[in-house]
Amino acid sequence: MPVKTQEGAQLLTGGEAVAYAMAQIDPDVFPVYPITPQTPIIQTFAKLASNGKTTTEIVNVESEHSAMSAAVGSAMAGARTMTATSSQGLALMAEVVYIAAGMRAPIVMAVGNRALSAPLNIHCDHSDSMMIRDSGVIQIFAESVQEAYDHAVMATRIAEHPDVMLPVLVCQDGFTLTHSEEPLVLTPDEDVKAFAGKYKVPLPLLDVDEVTTKGIFALQDYYTELRYQMNAAMESAKTVIADVFAEYSQLVDRPFSMLEEYELEGAEKVVFLMGSTAGTIKDVVDELRAEGEKVGLLRLVSYRPFPVEAIRKALAGVKEVIVLDRSDAPGSVPSLHAEMAAALYGSGIDLRAHVFGLGGRELVPAEGRAIFAGEAPTHVALRS
Amino acid sequence: MKEVRWHARAGQGAKTVSQLLAEAGLLAGSSVQAFPEYGPERRGAPMRAYTRISEKTIRRHDPVAAPDIVIVLEPTLVNEMNVAEGLSDEGVVLVDSNEMPERLKGVNARAIPALKIAHEHGLKFSNVVMLGAAAAAGGIPLVNIQDAAVKKLGKRLDADSLRAAIAEGYACLA
C-alpha cells in the first residue's frame with residue numbers, strides 16, 4: 001500500500017494524541033492520580049490545560065481509586081468527566097469502574113493497556129482491560145496512533161448517548177502506541193467541539209428543580225432489573241457506535257468500524273485479534289497472499305459491546321479462525337478464545353487459539369507466519 | 001524500508017534524535033515510526049530507540065530486529081554489548097568516536113567524530129551530529145533533517161550552529 005500522506009500529518013505518540021483529543025473536547029472535570037506505570041496522557045493533558053487550551057478542572061487526588069470515585073461524583077453532578085489510567089492504576093480503580101457503569105456515568109477514560117503485576121512489568125498486554133471485562137463499560141481498541149486519537153474524539157458521543165449512558169474506555173497498546181510516534185492528522189478544534197457537542201446529562205444531581213437520588217439501594221426487588229438494563233444499553237451501543245463512527249468518518253474521510261475486515265475475500269484461514277499487532281499481521285497476510293495462501297484478518301475494535309452478529313457474518317465461508325488473545329486466563333481459556341468459541345458454535349468453522357504478547361513480548365512477522373501455518377505453540381514464542 | 005536502531009545512555013538524547021529522524025522522513029514524504037525501548041529508567045543506563053522510514057505505509061508494531069543503520073551515541077557501549085546484532089546485509093554501524101573501536105573491526109562500521117564536531121559548533125551534545133550522519137545513511141535530504149531539528153530544538157539551541165553541526169555530520173557519509 002503506498003503512503004497516503006494526508007495533508008498536515010504530524011508526529012505524536014499515542015498518549016499525546018488522545019490527550020490532545022480530550023483537551024480539544026475540553027471536559028469540565030478530569031480527576032487524576034498518575035500511579036506508576038504511567039503514560040504520557042495525563043502529563044500531556046495537564047500541560048495543555050496549564051497552557052490555556054482547556055477550561056477543565058483537573059482534580060489531583062490521592063489514588064486511582066479516588067480518581068475514579070471523583071469521576072463518578074463529578075459525572076453524577078452533571079459535569080462532562082474524563083480520566084486516564086493504565087495497568088495497576090486500572091486495577092486499583094476496578095471497584096469503582098463497576099460503580100461508574102452501574103450508576104450509568106458517561107465517563108470517558110483513556111487507557112494504555114499494560115500487563116498486571118506480578119512479576120513487575122511495565123509493558124503492553126490486555127490483562128488490565130480483561131480484569132474489568134464484565135463491569136459494563138464500553139471498551140474500544142485502536143491499532144494505530146491515528147485511530148486512538150479518532151476514538152478519543154468520538155468517545156463522548158457514544159458514552160453520553162441517551163440510549164447508552166455508560167463509561168467508554170479508549171484503549172491503546174501501552175508503549176507500542178502510547179510511547180510511539182506515528183504520523184496522524186488532527187481534526188480541527190472547532191470540528192471536534194462541534195462533533196462532541198454540548199454535554200446534556202439527564203437529571204444531574206445538582207439540579208435543584210428536579211431532585212433525584214444517586215447511588216441507590218436495589219436489593220432483591222430491583223437489582224436484577226437495573227443490571228439487566230445495562231445489557232440493553234450495550235445492545236443499543238452497537239447501533240450508536242456504528243452511527244457515530246459513520247458520522248465521524250464523513251467528517252475526516254477515514255473509515256471506522258467495530259470490526260475491521262482485512263483480505264477476507266475468499267479467505268480460508270483468518271486471524272482474529274485486537275490492538276496494534278493487527279498491523280504486523282496485515283503485513284504477514286500480504287506476504288502470504290502474494291504466495292497464494294488464502295488468508296485474512298478480522299480485527300476487533302469494539303471489544304465491549306462484542307459485535308457477535310457482525311463477526312458471524314464476516315466469517316461466513318471461512319474454514320478456520322485463529323484467535324489471538326493478548327492476555328491469559330490461568331485455569332481456563334482467555335476471553336476472545338471463549339467468546340469466539342461461543343460465537344462460532346454450530347457454524348462448522350474450526351477454531352484455534354493462541355496467547356501472545358504478554359508483558360510486551362511483541363509478535364514478530366515470523367511468528368505470524370508460524371501461527372497461520374499451525375506451527376506456533378499455544379503461548380506464542382514461549383521459551384522452553 | 002529503512003530501519004534504524006539507536007544505542008545510547010539514557011540522557012544523551014537518543015529518543016529525541018530517533019523522533020527527529022522520523023520527523024525529517026515525514027517532511028520528505030515518507031511513512032515513519034519512532035519508538036524508544038524502555039527498561040527501568042535511570043540516567044546513564046544503556047537504552048535503545050528505533051526509527052522506521054518507508055515509502056509504504058508502516059503498519060507493523062514489532063521491534064526492529066534487523067536494522068539497516070545502527071547509531072551508537074556512546075562509544076563505551078560497544079564494549080558492553082554487540083551493537084551490530086542483527087545488522088542487515090547492507091547495514092552500517094555509525095559510532096560517535098574519533099577512531100574506530102577495536103570491537104567493531106570486521107563490521108561495516110564508520111567512526112564519526114561527532115562530539116568533537118558538536119563542540120566546534122558550540123553544542124554540548126553530539127546527538128544532532130549523529131542525526132545528520134543517520135539522515136545521510138538513510139537517504140533523507142539534508143534540508144529536511146535540519147528543518148526538523150530547528151523546529152524542535154531551535155528554542156534552546158542556536159539554529160545556525162544546529163544546521164552547521166548537522167550538515168557536518170551529514171557530510172561524513174557523503
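Proteins come first, then strands; the chains are lettered A, B, ... in the order of their sequence lines, and each starts at number 1. Atoms considered below: every heavy atom in the structure, side chains included; atoms not considered: hydrogens, waters and symmetry mates. These numbers were taken from a predicted model, which means no experiment stands behind them.
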How about [atom1] on [X], more than 12 heavy atoms from neighbouring residues, nucleotides or ligands closer than 6.0 Å, or not?
X	atom1	result
A:Glu291	CD	yes
A:Lys294	NZ	no
A:Leu120	CG	no
A:Asn51	CG	yes

message: Nearest 0.5 Å, please: how far is OG1 in A:Thr13 from CZ in B:Phe35?
response: 14.0 Å

- request: Could you tell me the separation between the CD atom of A:Glu182 and the CZ atom of B:Arg52, rounded to the nearest 0.5 Å?
  value: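 The distance works out to 10.0 Å.
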
query: Can you name the nearest heavy-atom pair linking A:His179 to B:Pro36, along with the distance?
result: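 The answer is O-CD, 3.4 Å.
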
message: Looking at every heavy atom in both A:Glu143 and B:His61, which two are closest together, and how far apart are they?
response: O-CE1, 3.2 Å

Only pairs of heavy atoms separated by less than 4.5 Å count here; which of [options] has the most with chain B?
options	answer
A:Glu181, A:Lys282, A:Glu362	A:Glu181
A:Ser144, A:Pro183, A:Ala278	A:Pro183
A:Thr277, A:Asp173, A:Asp283	A:Asp283

Proximity breakdown for A:Leu177 and chain B, heavy-atom pairs closer than 4.5 Å: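 Contact with chain B: side chain only.
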
- request: Let me know if A:Leu11 has heavy atoms under 4.5 Å from chain B in its side chain, its backbone, both or neither.
  value: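 A:Leu11 touches chain B through backbone and side-chain heavy atoms alike.
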
Heavy-atom pair count under 4.5 Å with chain A, highest-scoring of B:Glu23, B:Gln19, B:Gln33: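 Sorted descending by pairs with chain A, the first entry is B:Gln19.
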
- prompt: Between B:Lys56 and A:Asp286, is the closest basic N to carboxylate O distance under 4.0 Å?
  reply: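 No salt bridge links A:Asp286 with B:Lys56.
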
